[in-house]
Amino acid sequence: MKRGSAKTLEKEKGSEKIIALTVNGEDHLVPVEDRDTLLDVLRNRLSLTGAKEGCGTGECGSCTVLVDGKPVLACLTLAVGAVGKEITTIEGIAASGKLSPLQKAFIDHGAVQCGFCSSGMILSATALLSDNAKPSRQDIQKALEGNLCRCTGYNKIIEAIESVKDKK
Amino acid sequence: MMETIIGKRVPRIDGPAKVTGEAKYTVDIQMPGMLCAKILRSPFPHARILNIDTTKASRIPGVKAVITGRDAWGVCHGFVETPRYPADQYVLANDRVRYIGEEVAAVAAVDEDTAMEALNAIDVSYEELPAVFDLFEAMKPGAPEIHPVEIPDLIGDFRNIGGQCANSYGDIEAAFSRAYLVRKDRFEPELRTHCYLEPQATVAHYDAAGILHVWTSGMGTFRKRMHLSRTLNIPASRVHVHKSWVGGAFGGKIDLFSHEFCTSLLSMKTGKPVRYSAEREEIFSYFRHSQNMIVDLETAVDREGILLGQRVRCYNDCGAYRGSGVVLIFTTWGYLVLPYRMPALDYIGYSVYTNNPVRAPQRGHAAPKIRFAGETQMDMIASDLGIDPLTIRLRNARRPGETLPNGDNIRKAGLIECILQAAEKTDFARKYEENRALQKAATHIKRGIGMGASGYFTGTLIYPNNSAAMVKFNDDGTVHLLTGALDIGQGAETILAQIVAQELGLGMEDIQVVSGDTDATPVDIGSWISGLTLVTGNAVKKAAEDARRVLLASASEALQAAPEDLEVRSRRVFVKGTDRSISFAQAVSRHIRDNDGDPIVGRGYSRALKEAEFGPSLKNAKGTWSESYAFDAQIAEVEVDTRTGQIRITKAFTAHDCGFPINPLLVEGQIDGQASMAAGQAAAEEITVKEGVTLNPSFLDYKLPTAHEMVEAQYIDVITEAYEKDREFVTKEVGEGYVSGILGAISNAVANATGKWSTKLPIKIMPGKEEEE
Ligand code: FES
Ligand code: FES
């Protein structure tokens with residue numbers, strides 16, 4: 001949601017256009033401006049507030065969503081650039097009302113405290129596990145390096161991911 | 001036998017909402033017609049405000065309200081508001097600003113762009129005043145005056161003293177004259193900050209009936225309500241602070257913040273819902289960091305390393321307003337005398353105004369700073385005397401039943417046990433000697449192990465001084481727990497529900513928790529003085545017992561058995577030793593039928609320090625502080641790369657006396673988080689402020705630990721208390737005390753690896769030179 005000063009806004013403000021976004025398997029037509037981030041559109045236009053804005057500058061990972069299965073920072077992604085791609089947010093992970101094994105492991109292993117990082121963590125880990133069913137601890141740490149958590153010290157998050165990996 | 005759920009690793013009840021994105025934090029609240037609020041801040045560290053012209057801003061289409069200090073003339077608030085320390089901070093600057101970032105005006109507009117445009121259109125004329133940023137400069141008699149304050153009992157000829165806490169006892173002169181060794185060191189832990197992941201945010205909606213609804217990212221709704229009602233000058237009953245999910249706080253969200261006042265006032269002016277959400281850079285630059293402090297520690301010991309006395313001077317730079325500084329200089333005293341016997345003391349803590357941003361408590365408040373100093377110096381003394389770190393601690397550690405200088409008794413303190421177990425489980429003595437022998441070895445990777453110990457209070461008296469709870473039976477035999485407690489991530493709702501489950505023989509799924517809502521729930525102390533489990537927990541226990549008593553009375557008639565002969569389990573009341581039973585649902589409906597429609601509602605309440613009228617004195621540390629103290633001994637293992645200066649904390653071991661853990665899974669989570677925070681502070685984290693400007697306002701530049709810096713954590717519980725039927729239980733806090741011991745342990749481990757002590761945090765090893773700064 002970073003905005004420049006009012007003077008540069010004039011120029012930035014583009015005209016709105018309608019784009020089609022595929023989010024959690026559903027198509028949406030949404031009015032956006034060129035400068036709108038995917039995060040703003042998900043949160044403000046589609047009310048998918050599971051993706052969080054911890055920094056808005058690409059440093060915390062709380063805005064992580066999957067685009068064509070790969071984790072991206074929605075705060076640094078323009079909405080117009082996501083047209084034609086499959087976007088998955090945390091709301092799409094337990095879509096049928098049933099928690100994924102990873103979501104369940106996060107709860108059972110105490111990997112969730114305040115929960116503000118959880119959406120991003122779970123999506124980063126989901127992407128990791130779909131690429132690599134048996135990641136090493138280093139692989140997990142690498143996959144999570146862009147997702148900050150201040151509450152847990154990461155211990156139980158890594159434990160939760162390892163518990164799911166072991167079941168595969 | 002009743003099944004026990006206390007002490008079980010019960011998964012948290014808010015887990016599903018948090019892993020699915022369903023949990024609504026303040027920033028997620030959306031309302032039709034909601035306006036966006038923005039705040040204009042001072043660009044100067046110290047200036048007089050000559051004029052604020054808002055005409056242009058107000059005329060911009062889409063701008064709905066603009067407020068300035070004129071809308072809040074003379075309206076002040078403070079973390080502490082007492083006759084000695086009256087509120088000193090304006091909710092919006094009046095005629096003067098005292099730090100860069102101080103709030104000068106606020107706007108509400110239809111969208112963010114318009115709000116930004118309005119901010120730029122506000123014309124403020126300032127007259128700059130001389131500013132001072134260094135606390136020792138600020139104390140000098142000729143320094144610019146930041147506030148016209150006078151401390152009547154001020155010791156020394158100093159300026160800008162916002163607060164002073166002085167406490168002496170014992171024969172300090174005699175202690176020093178008979179000392180075998182005296183060490184004097186200055187410790188300088190640098191400024192650290194909370195880094196809660198959820199930015200500060202507030203939504204306010206003043207409705208047509210004149211009720212102000214507020215959602216805010218805080219640490220206790222009742223305390224926020226008190227501050228809002230006072231500063232907005234409306235009755236507390238007309239301020240409804242709703243529960244909001246909180247994305248971490250660590251002390252940084254307890255005070256009233258200007259944006260909470262402004263958002264509320266803007267909604268009152270417009271009649272529309274208004275949202276303010278801080279940007280991360282704003283938080284790093286202008287919101288409250290932890291309190292910082294410089295510690296001069298002069299310690300006298302005998303030949304055996306037994307502490308004889310200490311002369312201690314602490315200097316806290318509280319920034320432009322007192323914030324929690326005046327509490328910090330009291331709690332510093334507390335954590336100084338808590339873990340070890342100290343026969344004589346001469347203590348003065350000063351809290352000093354500067355033109356830096358204001359500071360708040362951060363997890364542990366003073367404890368990490370003073371224990372870093374105390375634990376490091378303890379090892380220095382041990383080394384000077386040729387004693388090992390374990391022995392010197394055992395010689396000085398407080399034993400069960402000892403009385404603190406303020407008269408508090410530490411009862412069943414498990415400190416000695418913690419030290420012994422931590423040393424044994426980590427093979428401390430052997431590793432310590434081994435690493436020491438390798439200090440001079442030719443390898444650039446050095447290993448170290450270090451020990452630190454600490455104690456922490458569990459709840460005290462500060463508004464709101466009490467907690468109450470209600471347990472309501474539903475027709476189907478399940479219950480609703482009504483508690484004012486706010487879950488800020490620590491798991492408050494889960495442990496309170498466990499207590500209800502235990503008392504009523506219910507499953508966790510049978511309990512719904514309604515929490516943290518000032519209209520719907522009874523009062524609560526909040527999640528900030530480490531007393532929630534003890535104070536609110538006992539209130540909840542009593543409420544559940546009360547509900548059980550009524551339920552059993554009803555069942556006893558139905559079952560033709562005395563209440564003492566009944567027991568509860570699986571939502572049924574049984575006659576003990578038989579399978580004669582009725583369901584809770586039947587007992588409830590029977591009670592309603594036989595008592596003119598009266599449903600079963602249990603009530604309970606509790607407060608810390610039941611005997612005391614007030615909390616401890618911030619002026620001289622006299623008076624009772626807490627009735628339950630937690631203790632810990634922690635051991636850190638590190639690897640230091642002397643070529644790069646990198647410090648890696650490889651292991652953190654915690655032996656702790658938390659009374660007894662209600663939920664070990666949650667306790668471990670608290671310890672992990674604290675070990676991580678301490679590791680960050682010891683090795684990397686640091687806020688750099690120059691002339692009132694934060695130079696590294698981002699997660700990356702602040703060097704917040706990432707998954708790569710995960711510290712392997714191990715724990716051992718030293719159990720000193722128990723949860724019993726029909727009795728108040730004693731728990732000890734677990735959310736704040738474990739930053740400190742481990743911080744001291746890391747500092748000592750680095751010294752064990754390198755042979756050099758660091759008196760600063762973060763610890764800096766000069767690459768290549770194999771020594772710290
Ligand atoms: S909000 Fe996108 S990385 Fe922080
Ligand atoms: S659980 Fe709070 S930031 Fe990760």
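Lettering of chains follows the sequences in order, A, B, ..., and the numbering in each one begins at 1. Values in this document were obtained by computation on a predicted structure and should not be read as measured data.
If you measure heavy-atom distances from A/Ile157 to chain B, you find no contacts under 4.5 Å at all. Neither the backbone nor the side chain of B/Ala675 comes within less than 4.5 Å of any heavy atom of chain A. Only the side chain of A/Ile122 comes within less than 4.5 Å of a heavy atom of chain B; its backbone N, CA, C and O stay farther away. Heavy atoms closer than 4.5 Å to chain B are found nowhere in A/Thr89, neither backbone nor side chain. When heavy atoms are compared at a cutoff of 4.5 Å, B/Phe250 approaches chain A solely by way of its side chain, counted from C-beta outward. With a 4.5 Å cut-off on non-hydrogen atoms, B/Val246 touches chain A through its backbone but not through its side chain. If you measure heavy-atom distances from A/Ser62 to chain B, the contacts under 4.5 Å come from the side chain alone. Looking at A/Leu99, only its side chain comes within 4.5 Å of chain B, counting heavy atoms on both sides.
The environment of NZ in B/Lys24 is crowded: more than 12 heavy-atom neighbours from other residues, nucleotides or ligands sit within 6.0 Å. With a 6.0 Å radius and a threshold of 12 heavy atoms from other residues, nucleotides or ligands, B/Lys8 has its NZ atom above the threshold. The neighbour count for A/Lys104 NZ, taken as heavy atoms of other residues, nucleotides or ligands under 6.0 Å away, does not exceed 12.
Annotation: side chain of A/Leu148 is in contact with side chain of B/Thr706 (closest heavy-atom distance under 4.5 Å). Contact of the A/Cys149 side chain with the B/Leu197 side chain is not registered, since no non-hydrogen atoms from C-beta on lie closer than 4.5 Å. In this structure the side chain of B/Lys18 never reaches within 4.5 angstrom of the side chain of A/Gln113, judged on heavy atoms. In this structure, the side chains of B/Arg280 and A/Glu53 stay at 4.5 Å or more apart for every pair of heavy atoms.
Nearest heavy-atom pair, A/Cys55 versus B/Phe699, reported as atom, atom and distance to 0.1 Å: CB-CE1, 3.9 Å. Residues A/Asn44 and B/Arg275 share a closest heavy-atom pair of OD1-NH2, 4.5 Å. Considering every non-hydrogen atom in both A/Arg137 and B/Met710, the closest pair reads NH1-CE, 3.5 Å. Residue A/Lys156 comes nearest to B/Leu665 through the heavy atom pair CE-O, 4.0 Å, listed as atom of the first residue, atom of the second, then distance. Residues B/Gly21 and A/Ser119 share a closest heavy-atom pair of CA-OG, 4.4 Å. For the pair A/Cys114 and B/Gly248, the tightest heavy-atom approach, listed with the atom from each and the gap, is CB-N, 3.3 Å.
Under the 4.0 Å criterion applied to side-chain N and carboxylate O atoms, B/Asp28 and A/Arg43 are assigned as salt-bridge partners. Residues A/Arg150 and B/Glu685 are paired through a salt bridge, judged by an N-O separation under 4.0 Å between the basic side chain and the carboxylate.
Ranked by heavy-atom pairs under 4.5 Å with chain B, the first of A/Gly92, A/Ser118, A/Gly110 is A/Gly110. For the set B/Ala249, B/Gly680, B/Pro199, B/Ala679, the count of heavy-atom pairs under 4.5 angstrom toward chain A peaks at B/Pro199. Ranked by non-hydrogen atom pairs under 4.5 Å with chain B, the options A/Lys142, A/Met121, A/Glu145 are led by A/Glu145. Ranked by non-hydrogen atom pairs under 4.5 Å with chain A, the options B/Gln674, B/Arg9, B/Glu668, B/Glu22 are led by B/Glu668. Ranked by non-hydrogen atom pairs under 4.5 Å with chain A, the options B/Gly669, B/Ala121, B/Gly491 are led by B/Gly669.
To the nearest 0.5 Å, the span separating CD1 on A/Ile107 from CG on B/Asp14 amounts to 9.0 Å. Here A/Glu159 contributes atom CD and B/Asp672 contributes atom CG; the two are 8.0 Å apart, rounded to the nearest 0.5 Å. Note that the CD atom of B/Glu709 and the OH atom of A/Tyr154 stand 8.0 Å from one another [nearest 0.5 Å]. The OG1 atom of A/Thr49 lies 6.5 Å from the CD atom of B/Gln30; values are rounded to the nearest 0.5 Å. One distance of note links CG of A/Asp40 with CD of B/Glu112; it measures 8.0 Å at 0.5 Å rounding. Here the OG1-CD distance, from A/Thr152 to B/Gln670, works out to 11.0 Å after rounding to the nearest 0.5 Å.
In this structure a side-chain-to-backbone donor-acceptor pair under 3.5 Å is missing from A/Asn155 to B/Glu712.
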